[in-house]
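Notes to accompany the following structure.
Quick caveat, the model's predicted, so the values are computed rather than measured.
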Amino acid sequence: MANVFLKTFVQMCNYLQDPCLVARFQHFCGIRGTFPDRAAKPEPDSGPSELRRRLQSSEAGVGNGAAGVAAAPQVNGMQGDDPVRPGAPSDTARAKPLRRNSLTGDVGQEFLVHNKFLFYLFTFGTELGNEMFFIIFFPFVFWNIDALVSRRLIVVWAWNLFVGQSTKDMVRWSRPASPPVVKVEVFYNSEYSMPSTHAMTGTAIPFCLFMLTYGRWQYPFLLGFSVALSWSVLVCVSRVYMGMHSVLEVITGFLYTLLILAFFQPVLDKIDNYYMTDHYAPLVIIVSHVSLGLVAFSLDSWSTSRGDTAQALGTGAGAALATHVNYQLGLLLDVPLSSLPLTLPPLDVSMVLRSLLRFFIGVAVILVTRMVMKATTIPFLCRLFGLPSDDVRQARQHMRVELPYRYIVYSVVGFVCVSFVPLLFRILNLA
């Protein structure tokens, strides 16, 4: 009986990992590749492959077909008014991936979009797992809704991303083969894919938000759970639509995150209190986050996934240090326990304008901080270690540049978000 179950389980996993399943879903959603008419059949999956081989295949133009589209204009995004294949529906649009490959600079290959609504919906869904969303979402919650919830979300997000990215670099599975899969996105195409860290963050944030706010804020359980589940499903499905992950990798990311949340649920309050109150907390925060970054950087050769891991850990460290400083200086923004449960205040023009003003001023400060820190940190580190700084992409492939660069920049960003910007709001009478 056990052998039959194991055999069935393996067969199901192989089916869910099949790139043809991804291609069929893309076809159902109206995505068509501009593959050559005599496109070669995909090689059978031979298991995990090294990053070097994937990098070489990316540089060789493997994407949505290496031939037949080489002369396509190098313009990314939707190109709805351009001519399409003869006989195609009138609402069909040509498009290219919105961003270049983060490792190779490859712009990707052209594809056809037959359902623009799904294209924009899943593009939005996949952006819910990208850096710019986090820069907007965490500060907005911290400054305008609930500071306690936001800083605890950052803790879970940072550790969740570390676990996911480190697992990727240990498992080392390649992205779904193209063809048959259409690469609607190529930014992360040179990274490993098991599990989907977009699915992990897209599950961790909404469900952790639900876990932290239900009972603290007054709203129906079904409403909160439905929003969290819809958010998670949108992000997970978008990764299959984009051709970045198999169904198995997305399901694994979803279930993996539920285990991580189950671990954090009973200890998150203790972690937050420790960060605020313990005299040794700053040392523990710095040592633990830097150590985890060193572990992540030792798992594989350079890739942007390692940078993303250090970025998340740096942000988490900066936010945790700022939490400690705020508590010690009496600047903590937490509402008193006597005010719980919280209710949404009635919306009025004054409150909306005040919230928007806080948001735009705060995000502007964060973006300027990030820009200045980026512009100064890499040249400084290159001079410090005797490396040429004229090619930033090449310089960042050195761990001694990439690791401190990510930590310095994003720990400062996290600290500014949690400590400096709220203080600025008090000075401007916007708190």
Next on the checklist: Run D18 and N14 through side-chain hydrogen bond (donor to acceptor under 3.5 Å, both in side chains) and show every step you take.
Outcome noted: CA-CA 6 Å; D18 189 353; N14 289 334; over 6 Å; no
Checklist entry - Taking the inter-plane angle between the rings of F225 and F207 on a 0 to 90° scale, is it parallel (under 30°), tilted (30 to 60°) or perpendicular (over 60°)? => result perpendicular
Checklist entry - What's the spacing between D278 CG and H324 NE2 if we round to 0.5 Å? => result 8.0 Å
Checklist entry - More than 12 non-hydrogen atoms from neighbouring residues, nucleotides or ligands closer than 6.0 Å to OH on Y327, yes or no? => result no
Item to check | Q17 vs S246, side-chain hydrogen bond (donor to acceptor under 3.5 Å, both in side chains): CA-CA, chis, key distance, verdict | outcome: CA-CA 5 Å; Q17 184 64 15; S246 68; 2.6 Å; yes
Checklist entry - Checking side-chain contact (heavy atoms from CB on, under 4.5 Å) against I135, which of L367, N130, T315 comes through? => result L367
Next on the checklist: Can you confirm whether or not the ring centre of F221 sits under 6.0 Å from the ring centre of Y214?
Outcome noted: yes
Item to check | Under the ring pair (Phe, Tyr, Trp, His ring centres under 6.0 Å) test, residues paired with F138 that sit two or more places apart | outcome: F134, W157
Checklist entry - When D146 is tested against each of R151, R152, R216 for salt bridge (Lys or Arg N to Asp or Glu O under 4.0 Å), which residue passes? => result R216
Checklist entry - Residues two or more places apart in sequence or in another chain: which of them pass side-chain contact (heavy atoms from CB on, under 4.5 Å) with M371? => result none
Checklist entry - ring-ring contact (aromatic ring centres under 6.0 Å, His included) with F137: which of W231, F359, W143? => result W231
Next on the checklist: If you apply the rule side-chain hydrogen bond (donor to acceptor under 3.5 Å, both in side chains), what do you find for T203 with Y256, and how did you get there?
Outcome noted: CA-CA 10 Å; T203 301; Y256 204 5; over 6 Å; no
Checklist entry - Between T126 and Y241, do the side chains contain an N or O donor and an N or O acceptor separated by less than 3.5 Å? => result no
Next on the checklist: Between S196 and E249, do the side chains contain a donor N or O and an acceptor N or O under 3.5 Å apart?
Outcome noted: no
